[in-house]
Amino acid sequence: MAAGIDDIAIYIPRLYIDAEDFAKARGLDPVKLQKGLGVSQMALVDSNQDPAILAANACLKIMQKNKLSPEDIGRLYVSTESSFDESKAMNSYVIGMLEQVYGKGAFEHCGGIETKFACVSGSYALYDNTNWIRAGEAEGKYALVVVSDIAKYDKGSSGEMTQGAGSVVMLLNDQPRLLAFDPKVTATSIKDEYDFYRPFGKETPIVHGQYSNMLYMIQVRKALEAYKKKIISTGLVKLEQGETILDHMDYINMHLPYSNMGKKALAYLVRHEWRQLPRWKRVLTEIGMDEPVPKDPRGTIESVLGDEEFMTKDHEFTKLFTKTSEYQEVYESKLASSLIASTMIGNLYTASLYLGFRSSLEFEFQKGIELEGKRVGFGSYGSGSSAMVFSGVIQSGYKEIVRDMNLENELGDRRRLTLEEYEILHENKLTLEDPVLQPKREFVLTNVKTDEESRGERRYVFNE
Ligand code: HMG
């Protein structure tokens, strides 16, 4: 049975800080953000918004667009790492908000949980819900998987340049208009790591930035190796002499903590794949230098990062590699369109990969490319750490969804914050009653109780 994504919608808060203003205030070269990281704007939540609101706003949008009633929805999963309760799942808050619109008890039949594994948990939720449909348990109902996060880092830290906020919701069914997932190919890797984590009660994560970059690439490559074996054994792809599995992915979407991480990761994967192939000789000739090897090729990530001579040479080699005509062709045709939205919005943790997918569909369609039948590969990564690689094929009904996509319209009337306004928000100095923007047909947070009996209870309203 086919199963996959029938429709996709986003909710991005309208406040943002511009890379130019941010860099000036932190004494950085704005080009480091814009060109070095691929960050132009970072979306931020207002004082009366939380991750549950971002998720509920996206769910309402997709339900209204598709004229769905709660009866049509069998499962609602929320994936996030911005959770504010250790026990009550975020999907119960989302259902509470949706029931303000659809009526109390309207979702009573609907199952679901909150899932957590840093940025990768949305991919696990998609996989589980796809299998719920494949198993024939859905009885004609849809699953909603909503990925929602606020990426907030300490003031003055290097992570502060890679913030963002927003949610993406995907409607899943057995006759998807957009993308059917390839069966029996999903592959994972997992390892106990401390590259990025957020201990209980801490609002911002503890991050080992360069370590996290490298771990991300290693983990995704391991998952790709497992994916390769699976997709070949299913017979969905047959590798000819001299081919790599990446040749069989028309599009590649990577987790995007900042848009250039997608570029970095693609270059890493392609290098590893091409190294075994006859084309590598041609590429090396174009680069004009040998591929460097670390002093201790079997060393730890720390030892490789500490090998300054290797790191410098490898950096130079990567730069030259990404300029080769063969790599440029892969980058432009498979990845570039997925990076556009990330540049304008920033890191959405769980939602970043799917914002990239949404971006790729819109901007590839605008090029006039026929997308039906194209295979999309996904490289999902979550710190801590786990990676997942899987794929799907774009379906015949995709135009119905994609022709109306317009990122700029959806971002709407954005408000560029001054650095002073940004810092006031970042330090949580604005109250719920005193947001920067007036809400427009969306949910807002009106109260978080503080008395002993009901501490932490949240109240939301839908603002007409
Ligand atoms: P940094 O170490 O300050 O930056 O912070 P850098 O020195 O690596 O510079 C970044 C790039 O800008 C480099 O390019 C520089 O060369 C370039 P690259 O070498 O990579 O090609 N650059 C310039 N370019 C033009 N003009 C200039 C200039 N100066 C430098 N003047 C870092 C970067 C990502 C480490 C930091 O922002 C950070 O810690 N971010 C948070 C962690 C993160 O995003 N990690 C990504 C991988 S882990 C992950 O994706 C999981 C995550 O999403 C969480 C989850 O799973 O839940 C984070």
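Every number for a ligand or one of its atoms is a count from 1 in the order of the listing.
- Checking R271 against T318 by side-chain atom types alone, a donor-acceptor pair falls below 3.5 Å.
- Ion pairing between a basic and an acidic side chain is recognised when a charged N comes within 4.0 Å of a carboxylate O; D7 and K65 show such pairing.
- With a heavy-atom cut-off of 4.0 Å, N347 touches ligand 1 through its side chain alone.
- For atom 8 (O) of ligand 1, the nearest non-hydrogen atom of the protein is Q210 NE2, 2.9 Å.
- Aromatic ring centres of Y251 and F357: separated by at least 6.0 Å.
- At a 4.0 Å cut-off, not a single heavy atom of E160 sits close enough to ligand 1 to count as contact.
- Near E81, meaning under 4.0 Å from one of its heavy atoms, ligand 1 places the atoms 55 (C), 57 (O).
- Proximity of D29 to ligand 1, defined as any heavy-atom pair under 4.0 Å, is confined to the side chain (atoms from C-beta onward).
- Between the side chains of S123 and Y354, at least one donor N or O lies within less than 3.5 Å of an accepting N or O.
- A salt bridge between K374 and E364 is absent, with no side-chain N of the basic residue lying under 4.0 Å from a carboxylate O of the acidic one.
- E286 and R282 are not joined by a salt bridge, as no carboxylate oxygen comes within less than 4.0 angstrom of a charged side-chain nitrogen.
- Atoms of ligand 1 found under 4.0 Å from any heavy atom of G36, numbered from 1 in the order shown, are 11 (C), 12 (O), 14 (O), 17 (C), 24 (N).
- For F196 and Y349, the distance between ring centers is under 6.0 angstrom.
- Within a 4.0 Å radius of atom 55 (C) of ligand 1, the protein contributes one or more non-hydrogen atoms.
- For atom 5 (O) of ligand 1, the nearest non-hydrogen atom from the set M161, K263, M254, K264 comes from M161.
- A distance of 15.0 Å separates OH of Y422 from CZ of R416, quoted to the nearest 0.5 Å.
- Classification of E243 and R279 as a salt-bridged pair fails, no side-chain N sitting under 4.0 Å from a carboxylate O.
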Worksheet item: So M249 and V376, side chain to side chain contact (heavy atoms under 4.5 Å, CB included) or not? Walk me through it.
Response: CA-CA 6 Å; M249 291 177 179; V376 183; over 6 Å; no
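- With L28, N213, D149 as candidates, the residue nearest to atom 46 (C) of ligand 1 on a non-hydrogen basis is N213.
- An N or O contact shorter than 3.5 Å is missing between K35 and ligand 1 by distance.
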Item to complete: Determine, stepwise, if the pair W132 / Y127 fulfils ring-ring contact (aromatic ring centres under 6.0 Å, His included).
Response: CA-CA 9 Å; W132 172 69; Y127 177 63; over 10 Å; no
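- Near V207, meaning under 4.0 Å from one of its heavy atoms, ligand 1 places the atoms 39 (O), 41 (C), 42 (C).
- Checked by distance only, ligand 1 and Y349 stay at 3.5 Å or farther apart across all their nitrogen or oxygen atoms.
- Near A118, meaning under 4.0 Å from any of its heavy atoms, are these atoms of ligand 1: 55 (C), 56 (O), 57 (O).
- Within the listing of ligand 1, atoms 37 (O), 40 (N), 41 (C) sit less than 4.0 angstrom from a heavy atom of T162.
- The shortest N/O to N/O separation between S383 and ligand 1 falls below 3.5 Å.
- Listed by atom number, the atoms of ligand 1 under 4.0 Å from P257 heavy atoms are 44 (O), 46 (C), 50 (O), 53 (O).
- Aromatic rings of F390 and F378 (six-membered ring for Trp) have centroids within the 6.0 Å cut-off, being under it.
- Of the candidates V120, L37, L215, L353, it is L37 that places a heavy atom closest to atom 10 (C) of ligand 1.
- At the shortest separation from atom 18 (P) of ligand 1 among protein heavy atoms lies H315 NE2, 3.6 Å.
- Scanning the protein for heavy atoms near atom 58 (C) of ligand 1, the closest one is Y153 OH, 3.6 Å.
- Closest to atom 37 (O) of ligand 1, if we only count protein heavy atoms, is S158 O, 2.8 Å.
- For atom 45 (N) of ligand 1, the closest heavy atom belonging to the protein is S212 OG, 2.9 Å.
- Atom 53 (O) of ligand 1 has its closest protein heavy atom at H255 NE2, 2.9 Å.
- Between the side chains of T204 and K202, at least one donor-acceptor pair of N or O atoms lies under 3.5 Å.
- Between E193 and Y211, the side chains place a donor N or O and an acceptor N or O closer than 3.5 Å (distance only, hydrogens not considered).
- Close contacts between ligand 1 and G382 involve ligand atoms 56 (O) [criterion: under 4.0 Å to a heavy atom].
- In this structure, the protein non-hydrogen atom closest to atom 52 (C) of ligand 1 is C119 SG, 3.6 Å.
- At a heavy-atom distance under 4.0 Å, atoms from both the backbone and the side chain of K32 approach ligand 1.
- No cation-pi contact links K295 to F310, judged by a cut-off of 6.0 Å to the six-membered ring centre and 45° from its axis.
- Ranking protein heavy atoms by distance to atom 21 (O) of ligand 1, first place goes to K319 NZ, 3.0 Å.
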